[in-house]
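Comments concern the structure below.
Only this structure's heavy atoms are used, side chains among them; waters, hydrogens and symmetry mates stay out. The sequence lines fix the lettering, A, B, ..., with proteins before strands; numbering per chain opens at 1.
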2 protein chains.
Amino acid sequence: MVTIAEVARHAGVAPSTVSYVLTGKRSISADTKSRVRESIRSLGYQPHVHTRGLGITRTNVIGLVLPLRAGTYVPAVMRFVTAAVTTARRYDMDLLLMTADDGLPALRRAANSALVDGFLVLDVEKEDARLPLLRQLSIPSVLIGRPAAARGLTCVDLDFEAAGAKCVEHLADLGHRSIGFLGAPSAVYRRTTGFAHRAMTGFSAAAMRRGVAATALSVEEDHDSVLRATEVLVRAHPSMTALVVHNEAALGGITACLRAAGRHVPGDIAVVAICPDELAERMSPPLTSVRLPAEELGRHAVELLVAKLDGRQPPPLVLLPPKLSRRASTPDPVDHAPAAVRQ
Amino acid sequence: MVTIAEVARHAGVAPSTVSYVLTGKRSISADTKSRVRESIRSLGYQPHVHTRGLGITRTNVIGLVLPLRAGTYVPAVMRFVTAAVTTARRYDMDLLLMTADDGLPALRRAANSALVDGFLVLDVEKEDARLPLLRQLSIPSVLIGRPAAARGLTCVDLDFEAAGAKCVEHLADLGHRSIGFLGAPSAVYRRTTGFAHRAMTGFSAAAMRRGVAATALSVEEDHDSVLRATEVLVRAHPSMTALVVHNEAALGGITACLRAAGRHVPGDIAVVAICPDELAERMSPPLTSVRLPAEELGRHAVELLVAKLDGRQPPPLVLLPPKLSRRASTPDPVDHAPAAVRQ
DNA sequence: CTGAAAGCGCTAACAT
DNA sequence: ATGTTAGCGCTTTCAG
């Protein structure tokens with residue numbers, strides 16, 4: 001291993017001089033400087049990561065904090081990783097995937113040892129335990145998600161409130177006057193996960209604005225629960241002609257469950273999903289959906305972090321606007337469709 | 001910042017004693033141990049990774065070398081990453097995704113600066129420029145792939161030779177006597193990529209053993225090339241009743257192309273693919289396939305690396321046996337099928 | 001402008 | 001079973 005001492009010997013100077021050439025913290029004669037540079041090159045010297053007093057030298061590594069808790073759906077997380085790693089490459093940076101269940105010690109370790117230049121944090125909860133630490137660390141971080149107290153932090157997220165609203169707008173424009181909402185498992189709402197809550201809020205508020213009847217229900221992950229929820233909705237609200245689904249697990253069986261409850265998609269009931277585009281496209285019939293833009297979120301997150309590392313002051317919050325793609329599950333109203341019923 | 005010295009003072013012992021309590025590298029009296037532990041807790045001590053003598057202490061980070069060259073199909077690579085990151089977590093290790101196009105400087109940097117404990121190298125070519133460096137580095141590495149000179153290195157790969165053979169065996173068992181092979185683009189064979197070559201070799205050798213007529217063709221990635229290749233095969237070998245396809249890009253259009261050449265799958269011609277299972281399942285008709293087990297390769301690779309880090313001596317080469325899943329594209333022979341023709 | 005030398009927090013010989 | 005001490009590679013005083 002080639003050390004600073006060897007470089008110094010090779011260049012005929014003191015170790016400290018080499019250090020100063022590297023850090024630029026004091027002026028060095030052009031002659032010495034070039035001699036040291038030459039030695040560095042010819043010996044192939046590489047600074048040793050574990051001995052940088054203050055993070056003066058960048059590591060060009062971004063710490064991506066993604067706890068692999070039980071129940072984490074890894075492929076979904078990987079969509080973020082793919083986007084982040086691709087974007088990071090454009091800035092000549094690498095990604096350290098930090099998957100420890102309890103992030104705190106790992107975060108502290110990585111920050112203190114100057115292993116990474118900054119953090120990207122996934123899976124952010126409303127009252128996230130990691131926030132105080134992140135604020136206090138010397139290296140910057142960007143959150144994917146939207147905690148309650150974002151003060152002093154940078155966040156990227158989909159505007160889930162607008163997403164919920166957009167679903168309602170689309171359906172109301174098509175003439176629907178009674179709309180159901182199938183949300184995440186109730187545990188998600190009980191935890192302070194935020195995004196689920198915000199989508200539901202957006203949905204309800206938009207329904208009020210448009211004078212549309214709205215009924216929201218949380219749905220567990222098992223098939224039975226989906227079946228029961230749809231039946232409840234259909235029975236209690238026979239005039240309901242549209243459904244918004246914000247639950248990827250439930251999505252797979254939704255058409256079949258509605259059919260079991262006596263409703264045909266899209267003839268009897270229209271469906272809009274909030275989910276990744278690929279998923280919506282692959283359903284039969286293909287579902288109109290507001291997309292969950294993992295790719296864009298990942299890309300923006302990296303770009304925000306790079307901006308902070310460069311000393312720029314990026315906006316504290318980037319909220320991606322929702323984009324609705326219309327597919328077969330929300331056709332134009334036809335004459336023989338069940339009459340829309342005013343609330 | 002709480003240091004080991006402060007903990008020592010607080011517990012009334014020497015710094016080294018604290019260190020030994022932490023590392024467990026020598027026996028400490030139960031009394032002292034608990035006193036030190038108590039001090040650590042009450043002072044909130046966090047080890048500072050910044051100063052570990054020689055790379056004796058591990059960083060618990062694995063460097064995953066995956067050059068994101070132009071043309072790299074990221075989702076395919078991510079299948080390895082997913083498997084690797086999940087397995088690494090089980091050993092309490094993290095993954096550093098090193099995506100620089102030219103791996104050499106990055107490899108050297110990571111190794112010299114003790115950023116990672118070892119490397120996992122993807123995308124290994126037969127004469128890989130990184131091999132000499134990897135051999136000479138002080139940290140271990142595991143290759144996914146199979147270079148020509150594997151001496152001193154550890155490799156994991158699918159046994160592509162057996163995979164090619166397995167396709168032939170299956171088809172020969174069904175009575176086919178003339179089989180075609182559509183391989184990777186010719187550039188892949190010209191480059192020393194190995195796996196393509198080995199699959200083809202296995203195919204040809206098995207055909208010889210079984211006394212089956214074999215015709216191999218390389219296929220470019222564009223649709224036209226697929227069309228042309230199938231036509232050539234069908235025309236030149238009218239008695240051909242089966243096809244082995246080792247080319248993911250060509251797979252999508254293969255059924256249509258055969259149809260255009262006047263052959264129906266599986267009525268007129270049977271098809272076996274070497275590709276990920278998901279892909280084969282989603283085709284219509286679903287294709288019999290030998291699966292490309294990215295998940296297992298990733299898992300094995302991490303496990304081999306961990307073994308080396310623990311000072312164990314893992315086998316230098318793990319060759320996963322091919323697994324053939326039969327699907328609709330290779331039905332049992334029926335009476336009205338074209339008569340099998342002996343060579 | 002440059003060297004010598006004292007640490008940084010920690011580990012591992014070498015002592016007892 | 002524990003303490004003492006000499007480094008690890010690098011930065012940063014302190015002296016010229």
Side-chain angles (χ1 to χ4, degrees), chain A residues 1-40 43-59 105 108-115 138, chain B residues 1-40 43-60 108-117 137-139 309 311:
Chain A
M1 155 141 299
V2 35
T3 73
I4 237 181
E6 291 180 57
V7 175
R9 205 165 338 118
H10 186 269
V13 297
S16 53
T17 304
V18 178
S19 174
Y20 285 122
V21 170
L22 256 7
T23 61
K25 287 206 171 173
R26 89 182 175 190
S27 41
I28 306 277
S29 73
D31 180 45
T32 314
K33 205 183 290 189
S34 74
R35 210 146 28 92
V36 169
R37 288 250 168 75
E38 177 49 31
S39 299
I40 288 180
L43 296 184
Y45 166 77
Q46 290 294 143
H48 199 282
V49 175
H50 287 317
T51 35
R52 272 175 312 204
L54 218 50
I56 288 157
T57 319
R58 290 191 10 183
T59 60
R108 218 182 318 244
R109 222 179 80 100
N112 284 342
S113 57
L115 245 177
S138 54
Chain B
M1 156 139 298
V2 184
T3 75
I4 234 178
E6 292 179 55
V7 175
R9 210 172 325 125
H10 186 269
V13 296
S16 55
T17 304
V18 178
S19 173
Y20 285 123
V21 169
L22 256 8
T23 61
K25 289 207 172 174
R26 94 180 172 190
S27 43
I28 306 277
S29 72
D31 179 48
T32 316
K33 206 184 288 188
S34 73
R35 213 146 27 92
V36 169
R37 288 250 169 75
E38 175 50 32
S39 299
I40 288 180
L43 296 184
Y45 167 77
Q46 288 292 141
H48 198 281
V49 199
H50 166 268
T51 33
R52 278 174 310 195
L54 215 52
I56 285 156
T57 317
R58 295 170 25 169
T59 60
N60 276 345
R108 218 184 312 250
R109 221 181 83 98
N112 287 340
S113 60
L115 238 179
V116 302
D117 293 336
L137 288 178
S138 55
I139 62 176
L309 288 172

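- Atoms CD1 (A:I4) and P (C:dG3) sit 13 Å apart, rounded to a whole Å.
- Put simply, the side chain of B:T32 reaches to within 4.5 Å of the side chain of B:S29, judged on heavy atoms.
- Rounding to whole angstrom units, CZ of residue A:R9 and C1' of C:dA4 are separated by 16 Å.
- Residue A:K25 places at least one side-chain N or O closer than 4.0 Å to OP1 or OP2 of D:dT12.
- At whole-Å resolution of the value, CG in B:D31 and C1' in D:dA1 are 12 Å apart.
- A:I40 has its CD1 atom 16 Å from the P atom of D:dG9, to the nearest Å.
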N/O donor to acceptor pairs below 3.5 angstrom from side-chain atoms of residues 2-9 of chain B, sequence neighbours left out:
unit_1, atom_1, unit_2, atom_2, d
B:T3, OG1, B:A5, N, 3.2
B:T3, OG1, B:E6, N, 3.3

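- Side-chain contact between B:D117 and B:I139 is absent, with no heavy atoms from C-beta onward closer than 4.5 Å.
- The bend of the helix from C:dC1-D:dG16 to C:dT16-D:dA1, defined by the angle between the axes of its first five and last five pairs, stands at 40° to the nearest 10°.
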Output a table of nitrogen or oxygen pairs between the protein and nucleotides 3-5 of chain D separated by less than 3.5 Å.
unit_1, atom_1, unit_2, atom_2, d
D:dG3, OP2, B:A14, N, 2.7
D:dG3, OP2, B:T17, OG1, 2.6
D:dG3, N7, B:R26, NH2, 3.1
D:dG3, O6, B:R26, NH1, 3.1
D:dG3, O6, B:R26, NH2, 3.0
D:dT4, O4, B:S16, OG, 3.1

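- The separation between B:Y45 atom OH and C:dG9 atom P is 10 Å, rounded to whole Å.
- Among the atoms of the strands shown, only primed sugar atoms or phosphate atoms (P, OP1, OP2) are found under 4.0 Å from some heavy atom of A:I28.
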### Task
Tell me, with the steps shown, if A:L22 and A:I40 meet side chain to side chain contact (heavy atoms under 4.5 Å, CB included).
CA-CA 10 Å; A:L22 256 7; A:I40 288 180; 3.6 Å; yes
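- Counting only residues at least two apart or in different chains, side-chain hydrogen bond (donor to acceptor under 3.5 Å, both in side chains) contacts with residues 12-21 of chain B are absent.
- In this structure, B:S34 has no side-chain hydrogen bond (donor to acceptor under 3.5 Å, both in side chains) partners at least two apart in sequence or on a different chain.
- Contact between the side-chain N/O atoms of B:S19 and the OP1/OP2 oxygens of C:dC10 is not found at any separation under 4.0 Å.
- For B:S27 and D:dA1, the shortest distance from a side-chain N or O to OP1 or OP2 is below 4.0 Å.
- Here the closest heavy-atom approach between residue A:A11 and residue A:R35 is recorded as O-NH1, 2.6 Å.
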